[in-house]
A.B. asks: 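The structure that follows is given in the form of structure tokens.
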Amino acid sequence: MKTQKKIIVIGAGPAGLTAAAKLAEGGCEVTVFEAGKTVGGLARSFELWNQIVDCGPHRFFSNDKIVNDFFKEVVGDDFILINRLTRIYYRKKFYFYPLKAMNVLINIGPIGVIASMWSYVRQRMNPIRNPKTFEDWVVSRFGRKLYNTFFKNYSEKLWGIPCSRIDADWAAQRIKNFSLLEAVKAAIIPDTSGKHKTLVDRFAYPKHGTGMIYQKIKTNIENAGGIVLLNAPVEKVLVENGTAKGIVLKSGETILCDEVISTMPLTLMVKGLNAVPENVKQACDKLFFRNTILVYLEVDATDLFPDQWIYVHNPDVIHGRITNFRNWSPELYGDKKTSILCLEYWCFDEDEIWMKDENYFHELGENELLKTGLIKQEHKVLNCHIEKLRRCYPVYETGYATNVEVIKLHLDTIKNLRVIGRYGAFKYNNQDHSMLMGLLAAKEILQGTHEKLWDINTDSDYHEEGDILNSK
Ligand SMILES: Cc1cc2nc3c(=O)[nH]c(=O)nc-3n(C[C@H](O)[C@H](O)[C@H](O)COP(=O)(O)OP(=O)(O)OC[C@H]3O[C@@H](n4cnc5c(N)ncnc54)[C@H](O)[C@@H]3O)c2cc1C
């Protein structure tokens with residue numbers, strides 16, 4: 001008699017939970033082991049000063065029908081559509097993002113516009129063939145002037161390395177479909193088709209925070225007979241004779257299974273395996289991650305600024321983005337008369353700032369907000385809370401893909417082990433990409449298909465298109 005397949009999923013973020021939900025629904029015996037005290041990973045929500053906050057801004061957006069159907073299946077009608085308002089702050093000026101012609105014109109002035117257009121035209125006449133770095137990729141498409149204004153500072157703050165060392169893949173993934181001419185056209189000619197608004201200017205947001213999605217998925221897993229264990233960090237994956245056989249927990253306990261899905265950091269997982277070849281270990285050592293410190297400040301005002309988030313390009317402040325949770329869903333703040341802002345500081349493990357405490361960030365954050373003018377002297381910062389997110393950005397340094405390929409080839413030799421997710425597969429994923437990886441990993445196990453998991457978030461035309469409003 002055939003017994004149920006026993007599956008272990010490492011990590012209860014969007015990727016792991018999505019896979020677990022589909023597998024439990026499909027009749028497998030699933031257990032999720034999560035190191036943290038809650039589900040949702042980087043997309044969790046939590047209560048702070050009697051309000052709800054996320055880990056920085058979390059808009060849900062996908063043009064993939066499978067993902068939108070899954071979102072609707074989980075969230076139902078418990079979400080709102082938010083009209084996106086986000087700006088770039090640069091040299092004491094705010095630029096709407098997506099760009100608006102009049103606003104850009106006023107901010108950089110007619111001479112600045114002519115200089116940008118000239119720099120763009122000159123670059124188009126001498127394009128950089130086959131750009132390998134982020135800098136070359138952006139300069140070749142937009143010209144050096146626009147690169148300096150809108151791309152350089154922010155990218156270097158985020159990644160902590162010069163743009164000449166950032167791989168062109170990041171640009172290709174993130175701004176592949178952004179055409180300067182289209183942006184200028186969209187800025188000048190109002191859109192009447194409705195399509196632009198649905199796909200770009202509005203996004204879905206669960207009423208009680210993005211983490212609500214993952215609380216609901218956890219319930220679905222449990223209702224289907226699966227188990228989600230919190231505070232259960234995994235030490236390593238057990239492999240025998242080229243086949244994954246189970247896991248060893250940090251507590252020392254060994255648990256056997258038929259298949260393992262890992263969403264823990266790729267490099268840590270691989271280095272923990274038995275008999276890893278030297279070249280694979282070296283490839284792991286060459287890949288690295290960037291950390292984020294989220295600094296939450298409670299301010300005694302309700303109308304500080306209207307944006308959901310602002311990209312802070314200015315080099316004279318260290319934070320790179322600021323979220324205002326007052327401008328998401330009213331359910332987040334209820335009847336509270338304060339606003340919670342979240343400033344993002346990016347760094348590496350060895351940077352001094354990584355070790356700093358709440359008092360340090362309270363002062364730094366407040367001073368930086370005063371400097372950018374987003375709060376005024378009369379505002380009071382009532383509270384500060386920090387969250388440190390380790391390894392939350394896989395760094396696409398030039399050549400990283402070669403190292404990922406070495407690791408991938410090694411993993412291809414191990415049966416019944418799948419790696420998915422943001423740090424799990426070393427991909428700069430949003431929630432939708434991680435969900436898609438989870439859905440397809442489950443499909444592989446349930447239906448025996450081969451789904452090219454490594455290609456997700458590389459090939460944007462992988463599936464049939466669809467948007468959230470037209471999903472079931
Ligand atoms: C500041 C910020 C803003 C973002 N904004 C957006 C946005 O606007 N829209 C969007 O869609 N996405 C956004 N994202 C990305 C989104 O959060 C991620 O894509 C998503 O959470 C990735 O899901 P995942 O499951 O792949 O990984 P994670 O969310 O990282 O989950 C991995 C899980 O594995 C667990 N784990 C790790 N190691 C172990 C171990 N050894 N044993 C057991 N468990 C382990 C972790 O605790 C974690 O819960 C943002 C991310 C950040 C940091």
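Quick caveat: nothing in here was measured; it's all calculated off a predicted structure. One-based numbering, in listed order, for ligands and for the atoms of each.
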A.B. asks: Looking at Phe289, I'd like to know if the NZ or CZ of Arg390 sits under 6.0 Å from its six-membered ring centre while staying within 45 degrees of the ring's axis.
C.D. replies: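 Geometry flag: not set, cation outside 6.0 Å or 45°.
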
A.B. asks: Salt bridge or not for Glu444 and Lys452, using N-O below 4.0 Å?
C.D. replies: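 Looking at Glu444 and Lys452, the cut-off is not met.
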
A.B. asks: Check the pair Ile88 / Phe150 against side-chain contact (heavy atoms from CB on, under 4.5 Å), numbers first and verdict last.
C.D. replies: CA-CA 8 Å; Ile88 291 170; Phe150 293 115; 3.7 Å; yes

A.B. asks: Using a distance-only test with no angle check, is there a side-chain donor-acceptor pair under 3.5 angstrom linking Glu368 and His319?
C.D. replies: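 A donor-acceptor contact under 3.5 Å links the two side chains.
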
A.B. asks: Tell me which pairs pass salt bridge (Lys or Arg N to Asp or Glu O under 4.0 Å) where either residue lies in residues 221-235, with sequence neighbours left out.
C.D. replies: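 Sorted pair list: Lys218-Glu222, Glu235-Lys250.
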
A.B. asks: Need the list: ligand 1 N/O atoms against protein N/O atoms, distance under 3.5 Å, rounded to one decimal.
C.D. replies:
unit_1: ligand 1; atom_1: 5 (N); unit_2: Pro57; atom_2: O; d: 2.6
unit_1: ligand 1; atom_1: 8 (O); unit_2: Pro57; atom_2: O; d: 3.2
unit_1: ligand 1; atom_1: 8 (O); unit_2: Arg59; atom_2: N; d: 2.9
unit_1: ligand 1; atom_1: 9 (N); unit_2: Arg59; atom_2: O; d: 2.7
unit_1: ligand 1; atom_1: 11 (O); unit_2: Arg59; atom_2: O; d: 3.4
unit_1: ligand 1; atom_1: 11 (O); unit_2: Gln431; atom_2: N; d: 2.9
unit_1: ligand 1; atom_1: 11 (O); unit_2: Gln431; atom_2: NE2; d: 3.1
unit_1: ligand 1; atom_1: 12 (N); unit_2: Asn430; atom_2: OD1; d: 3.0
unit_1: ligand 1; atom_1: 12 (N); unit_2: Gln431; atom_2: N; d: 3.3
unit_1: ligand 1; atom_1: 14 (N); unit_2: His58; atom_2: NE2; d: 3.3
unit_1: ligand 1; atom_1: 17 (O); unit_2: His58; atom_2: NE2; d: 2.7
unit_1: ligand 1; atom_1: 19 (O); unit_2: Asn429; atom_2: O; d: 2.8
unit_1: ligand 1; atom_1: 19 (O); unit_2: Asn430; atom_2: O; d: 3.4
unit_1: ligand 1; atom_1: 19 (O); unit_2: Gln431; atom_2: N; d: 3.4
unit_1: ligand 1; atom_1: 23 (O); unit_2: Ser434; atom_2: OG; d: 3.4
unit_1: ligand 1; atom_1: 25 (O); unit_2: Pro14; atom_2: N; d: 3.1
unit_1: ligand 1; atom_1: 25 (O); unit_2: Ala15; atom_2: N; d: 2.9
unit_1: ligand 1; atom_1: 26 (O); unit_2: Arg422; atom_2: N; d: 2.7
unit_1: ligand 1; atom_1: 26 (O); unit_2: Ser434; atom_2: OG; d: 2.7
unit_1: ligand 1; atom_1: 29 (O); unit_2: Leu42; atom_2: N; d: 2.9
unit_1: ligand 1; atom_1: 41 (N); unit_2: Val234; atom_2: O; d: 3.0
unit_1: ligand 1; atom_1: 42 (N); unit_2: Val234; atom_2: N; d: 2.9
unit_1: ligand 1; atom_1: 44 (N); unit_2: Ala35; atom_2: N; d: 3.0
unit_1: ligand 1; atom_1: 47 (O); unit_2: Glu34; atom_2: OE2; d: 2.6
unit_1: ligand 1; atom_1: 49 (O); unit_2: Glu34; atom_2: OE1; d: 2.6
unit_1: ligand 1; atom_1: 49 (O); unit_2: Glu34; atom_2: OE2; d: 3.1

A.B. asks: Could you check whether Arg87 makes a cation-pi contact with Tyr97, meaning its NZ or CZ is under 6.0 Å from the centre of the six-membered ring and within 45° of the ring axis?
C.D. replies: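 No, cation not above the ring by the 6.0 Å, 45° rule.
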
